[in-house]
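Notes to accompany the following structure.
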Number of protein chains: 4
Amino acid sequence: MTKKNQRRPSARPEEILDAALAVFTAKGFAASRMDEIAEKAGLTKGSVYLYFKSKEQLFEELITRFSKNFVGVMAERVGVMAEKDPEEALRTVIKTGIMMAADPAISAAPRLVLAEAARFPDMAAMYHKKVISVGQAAIVSLLQVGEQKGVFRAVQPDVAKRVIFGPVLTHILLTHTFGQKIQDLETLADSIAENILCGFRIKKDIS
Amino acid sequence: MTKKNQRRPSARPEEILDAALAVFTAKGFAASRMDEIAEKAGLTKGSVYLYFKSKEQLFEELITRFSKNFVGVMAERVGVMAEKDPEEALRTVIKTGIMMAADPAISAAPRLVLAEAARFPDMAAMYHKKVISVGQAAIVSLLQVGEQKGVFRAVQPDVAKRVIFGPVLTHILLTHTFGQKIQDLETLADSIAENILCGFRIKKDIS
Amino acid sequence: MTKKNQRRPSARPEEILDAALAVFTAKGFAASRMDEIAEKAGLTKGSVYLYFKSKEQLFEELITRFSKNFVGVMAERVGVMAEKDPEEALRTVIKTGIMMAADPAISAAPRLVLAEAARFPDMAAMYHKKVISVGQAAIVSLLQVGEQKGVFRAVQPDVAKRVIFGPVLTHILLTHTFGQKIQDLETLADSIAENILCGFRIKKDIS
Amino acid sequence: MTKKNQRRPSARPEEILDAALAVFTAKGFAASRMDEIAEKAGLTKGSVYLYFKSKEQLFEELITRFSKNFVGVMAERVGVMAEKDPEEALRTVIKTGIMMAADPAISAAPRLVLAEAARFPDMAAMYHKKVISVGQAAIVSLLQVGEQKGVFRAVQPDVAKRVIFGPVLTHILLTHTFGQKIQDLETLADSIAENILCGFRIKKDIS
DNA sequence: TATGAATGAGGGTTCATTCAT
DNA sequence: CATGAATGAACCCTCATTCAT
């Protein structure tokens, strides 16, 4: 907008991906126009094609980028924490999930994947492999450590995946997709974590 | 395919809605073509407009229909059961949710709503009011009854909504959207229900 | 132009092909716009796609149509004539070729093929097989008959193809592509035919 | 590819024209991209515009260059030869035409002109004036000389143009555009020349 | 000179919607 | 009611051309 032919080559792809995430999330893949993405990124439609060869590729790289960023954060931290205090680690995972959902930049990608998975099987498979599987594996591993340390009961992995991630996912949807407002996010996160933990903790309090 | 133009007119709208649900679920709203929906319903594109005035209206009536059907089933039964045995009622709600998810005809509509909610705020609001709110109210009511009967602990409604519906929703997505296979569905449903119940039951077993 | 939604289904494809031939010939394949073809055919751009699935297919069917029409006319007549009087048959072939070139509807297709052959190898191959080969075969056969009857000398097929068709093709190009005007077409055709015949006739006039 | 930006600037226009000829011939004017021409010439798209102000001008200069080169070779030689031995001169013209056609660099330009003439009337006119007319004039002059020397019959110029150039042109098209293979090019050229000559020679052989 | 990022107009194609039959 | 031909707006993508560096 400033001058006619700006040149900011190095930053362009990221800027375009950011713009694309915003537009895709708001309108879905099919209803998003390259024009709008380009404008939001500060250039014109034709220029987007200098960086991404099609709308579809733009979409896929968007998800890929998110996947890469996400994996690093997640699995490592959880692994480290689990060794010290599994219960606290699980509590943190749940609370962090709930809290992060408040950031649209983080929750946008998963919602986009959910919305478009049916039309992009390859992308869904990639997301499943790079994000979902990694997250699930981290949780299962966390529970195993806790079980060995005598903190957690034995729970089937398929149960754990659903019971632990489910509330977080639902929170994202209720909050962003359906606009339910929350007053005290921190307290809610705490309460959810504690509630879920009941299903995994060995009841030492007996006796 | 057998005979053309030989169906009872009165059944047409339902047939079109069925066809639309199938196509919308598979491809999403934007990528679905009226041609395909019409063909699946056994008539031609132009004829669909005799029953629905636009693609968008077709979509909205689809969700409306689902909402009506679903509401009846849910709220009533839960209410009745809660009076007798709140714990068993909650267990049933969860198990039923997991089991029903296996039927694509039932899980298709919610997934479709999740996918398209961003583009159809009105529809999302309607779904929220007619389905989500009703379901949440039923659960909250169920928990209150249980609390009064001394069976359940006091749990914040926002926590309960997430912890109870979350695993079911996640199960739907993992199963249909990401294709994770389950071996013993019934056992899984049982285990999930029991796990969730831990967070709500008063620990009578103490002492 | 008359009413808004005319319906002339049966004639449409032919009309479109006619319009396409005119536009393609005038501007070449790439520079021809579907808009213009449609307008010339009396409908709108989108409607063309009801009959031809792409610009390329439209082009190919155009050539296919010409090929089919042409083959019938050519080979049969020549075969019949050759049996009676080979020399007269050859003279007629040449003269007819020159005379037909004056009709743009006939000369347009070959010129279009020449112009676009490089970009459409499949189409070129098809044209070669359906038109060129057939024409060449007819000539070679004609010469053989003449040879057996003692009217024609033995001439290599590759020589005959070039010497007989060359002047006709060149006449088409000079006339249409480069706009050279001819005063007395009939006389010209006669003279060309006689000139060419010299190369094939056995010189009975000797002695 | 070895060093960048290391060529003599003075050679650039020629290099670009060479590249353009290759690309235009292969794909036609409209389907040729400046990118591809530039790459083939060893520079980038933008740089081509330092030498030619538009794609169209590039195309026209291409044809102009060819015209100039060609005219020199042709007319002079033929004129000289005609004075000595008109029959041998005509034979040589025909044979040379056939033989030269084997060189794609030589036959490319005429084919390109044929393909694009419809879209570039100015270029076609220029080509007609600079190449076709010159060639035709040379032939007509040759025949006149032969006629005066008692070697050739009187033949109308319009007939001669078609009968002499036609086989050569047709040979180019059959060979390059339609890919017909020739085994013994020299023999073919000889035979074609002799065949054509029949139409022009005075039949001295008649006693 | 040379680059290559950026532009912007243009065209092929799709598809929801309309309408004469 | 039903058809399907026709429309026309929209949108993706291409590419000749420009311009700051």
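Lettering follows sequence order; numbering is per chain, from 1. Keep in mind the model is a prediction, meaning the values are calculated, not measured.
Counting to the nearest Å, the C1' atom of dC12(F) and the CD atom of E36(A) are 15 Å from each other. If you take CD1 of I16(D) and C1' of dA2(E), they are 11 Å apart, rounded to a whole angstrom. The distance between atom CD of Q57(D) and atom C1' of dA16(F), rounded to the nearest whole Å, is 14 Å. At whole-Å resolution of the value, CZ in R12(B) and C1' in dA2(F) are 9 Å apart. Summarising the geometry, the separation between CD on E15(C) and C1' on dA6(F) is reported as 14 Å, rounded to the nearest angstrom. At whole-Å resolution of the value, CG in L50(D) and C1' in dG4(E) are 13 Å apart. Rounded to an integer number of Å, the gap from F52(D) CZ to dA16(F) C1' is 16 Å. One interatomic measurement links the two molecules: CG of L43(C) to P of dC19(E), which rounds to 18 Å at whole-angstrom precision.
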Check: With Watson-Crick and G-U wobble geometry limited to distances under 3.5 Å, how should the secondary structure of DNA chain E be encoded in dot-bracket form, using | for bases paired to another strand and [ ] for crossing pairs?
Finding: .||||||||||||||||||||

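For K27(D), the side-chain hydrogen bond (donor to acceptor under 3.5 Å, both in side chains) partners are E36(D), not counting sequence neighbours. Residues forming a side-chain hydrogen bond (donor to acceptor under 3.5 Å, both in side chains) with S107(A) (at least two apart in sequence, or on another chain): H176(A). Under the salt bridge (charged side-chain N to carboxylate O under 4.0 Å, His left out) criterion, R65(A) pairs with E14(A), D18(A), not counting sequence neighbours. With sequence neighbours left out, R119(B) forms a side-chain hydrogen bond (donor to acceptor under 3.5 Å, both in side chains) with E116(B).
F52(D) approaches P13(D) most closely through the heavy-atom pair CZ-O, 4.0 Å.
Applying the 4.0 Å criterion to OP1 and OP2 of dA5(E), one finds that Y51(A) has every side-chain N and O outside that range.
Under the 3.5 Å distance criterion, the side-chain polar atoms of S67(B) are matched with a main-chain donor or acceptor of I63(B). Checking side-chain atoms of Q57(A) against main-chain N and O of K53(A) turns up a donor-acceptor pair under 3.5 Å. Of the possible donor and acceptor atoms, one in the side chain of T25(B) sits under 3.5 Å from a partner among the backbone N and O of L21(B).
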Margin query: I'd like to compare against my own output: the B/S/- annotation of nucleotides 10-17 of chain E with a strict under-4.0 Å heavy-atom distance to protein.
Written below: BSBBBSBB

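F178(B) and H128(A) have parallel rings, their planes meeting at less than 30° on a 0 to 90° scale where 60° marks the start of perpendicular.
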